[in-house]
2 protein chains.
Amino acid sequence: MKELVDFRADILKALAQPTRLKIIDFLRDGERCVCEIFPAIGEEQSNTSRHLNMMLAAGVLSRRKDGLKIYYAIKSPEILEVVDTVTLIVKQEAAGRHELLKAV
Amino acid sequence: MKELVDFRADILKALAQPTRLKIIDFLRDGERCVCEIFPAIGEEQSNTSRHLNMMLAAGVLSRRKDGLKIYYAIKSPEILEVVDTVTLIVKQEAAGRHELLKAV
DNA sequence: CAATTAGTTGACTATATACTCATATAGTCT
DNA sequence: AGACTATATGAGTATATAGTCAACTAATTG
């Protein structure tokens, strides 16, 4: 049986990739169809589709069908909270390195 | 040059693995040496060492040497904040599935 | 300095991942 | 129905990852 650790790992893994982070960043303002997403992030349509499906399966995105188009959206605000906290960590580390350099 | 997206991916990747999440969980209460960590999580010493070094490199853990022992600790409270938010997401999803089942 | 203890690292294997190109599916419009 | 548009998927390749066993380094103690 899959444990809690593994479900957490699945969600984190779904976010832990540059192309997927670009998608998340692009979806910040609301849902978008695949045809808007892949040009915006500069990736191939098929590759983008795979990443979208992967994040959908992990429970990070939601999907809505409208005619030919399929709209993806960030499933919950907590997802963005995770990404934002990580951004903060990166900035703190950058600041820390800067301090170290000044000290030399 | 490495971009912000990539640094964020590095941190998330450092957390996105069951063995490493077990380590993070175990380090919640403070620093521990490798000799305490690997029996606690039920992994080989060498494998544990690799994961610890990986997280250290990603900036997720810090390291302190004391005699023969090397103590690892979670580098910042924001790391735990990320993991806790993800735990919340998993619980929300579980609750959501439960609701769906009840509806049937 | 030999023996012991704590941790890291090299070499290897098995599996997973990201990506690409080509093809398939599904909905829309004439 | 046939052409068109939006998305997904099969198959292949290249690279990354997790894990194991054995060998190695470094600090400690007798």
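Within every chain, numbering begins at 1; the chains are lettered A, B, ... in the order of the sequence lines, protein sequences first and strands thereafter.
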| query | Which parts of residues 34-43 of chain B get close to DNA chain C, meaning a heavy atom less than 4.0 angstrom away? | reply |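 Residues of residues 34-43 of chain B that come under 4.0 Å of DNA chain C are, in numerical order, B:Val34, B:Cys35.
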Quick one: [X] [atom1] to [N] [atom2], roughly how many Å, whole number?
X: A:Met55; N: D:dT7; atom1: CE; atom2: P; result: 15 Å
X: B:Asn53; N: D:dC24; atom1: CG; atom2: C1'; result: 15 Å
X: B:Leu52; N: C:dG7; atom1: CG; atom2: P; result: 9 Å
X: B:Glu44; N: C:dG7; atom1: CD; atom2: C1'; result: 14 Å
X: A:Asn47; N: D:dA14; atom1: CG; atom2: P; result: 17 Å
X: B:Gln45; N: D:dA23; atom1: CD; atom2: P; result: 16 Å
X: A:Arg50; N: D:dA6; atom1: CZ; atom2: P; result: 20 Å
X: A:Lys69; N: D:dA6; atom1: NZ; atom2: P; result: 6 Å

| said: Base of C:dC19, side chain of A:Ser46 - is there a donor-acceptor contact under 3.5 Å? | reply: no
Can you tell me if [X] touches the phosphate of [N], counting only side-chain N or O atoms and a distance under 4.0 Å to OP1 or OP2?
X: A:His51; N: C:dT17; value: no
X: A:Tyr72; N: D:dA8; value: yes
X: B:Arg32; N: C:dA6; value: no

4.5 Å side-chain heavy-atom contact, [X] and [Y]:
X: A:Asp10; Y: A:Lys2; value: yes
X: A:Ile37; Y: A:Leu27; value: yes
X: A:Val82; Y: A:Ile11; value: no

To the nearest 0.5 Å, what is the distance between [atom1] on [X] and [atom2] on [Y]?
X: B:Ile74; Y: B:Arg28; atom1: CD1; atom2: CZ; answer: 6.5 Å
X: A:Arg32; Y: A:Tyr71; atom1: CZ; atom2: OH; answer: 9.5 Å
X: A:Arg8; Y: B:Leu88; atom1: CZ; atom2: CG; answer: 12.0 Å
X: B:Leu15; Y: B:Ile23; atom1: CG; atom2: CD1; answer: 11.0 Å
X: B:Ile24; Y: B:His51; atom1: CD1; atom2: NE2; answer: 12.0 Å
X: A:Gln45; Y: A:Arg50; atom1: CD; atom2: CZ; answer: 10.0 Å

| query | Would the number of heavy atoms belonging to other residues, nucleotides or ligands and lying under 6.0 Å from CD of B:Glu3 be above 12? | reply |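 No, CD of B:Glu3 has 12 or fewer neighbouring heavy atoms, counting only those of other groups under 6.0 Å.
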| query | When B:Glu31 is tested against each of B:Arg64, B:Lys65, B:Lys69, B:Lys75 for salt bridge (charged side-chain N to carboxylate O under 4.0 Å, His left out), which residue passes? | reply |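 That would be B:Arg64.
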Restricting both atoms to N or O, compile the protein contacts to nucleotides 24-30 of chain C shorter than 3.5 Å, with distance only.
none

| task | Keeping the roles fixed (side chain from A:Arg20, backbone from A:Ala14), state whether a donor-acceptor pair exists under 3.5 Å. | result | yes
| Contacting residues from residues 12-21 of chain B, given that a heavy atom lies under 4.0 angstrom of DNA chain D |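 Per residue number, the list reads B:Lys13, B:Gln17, B:Thr19, B:Arg20.
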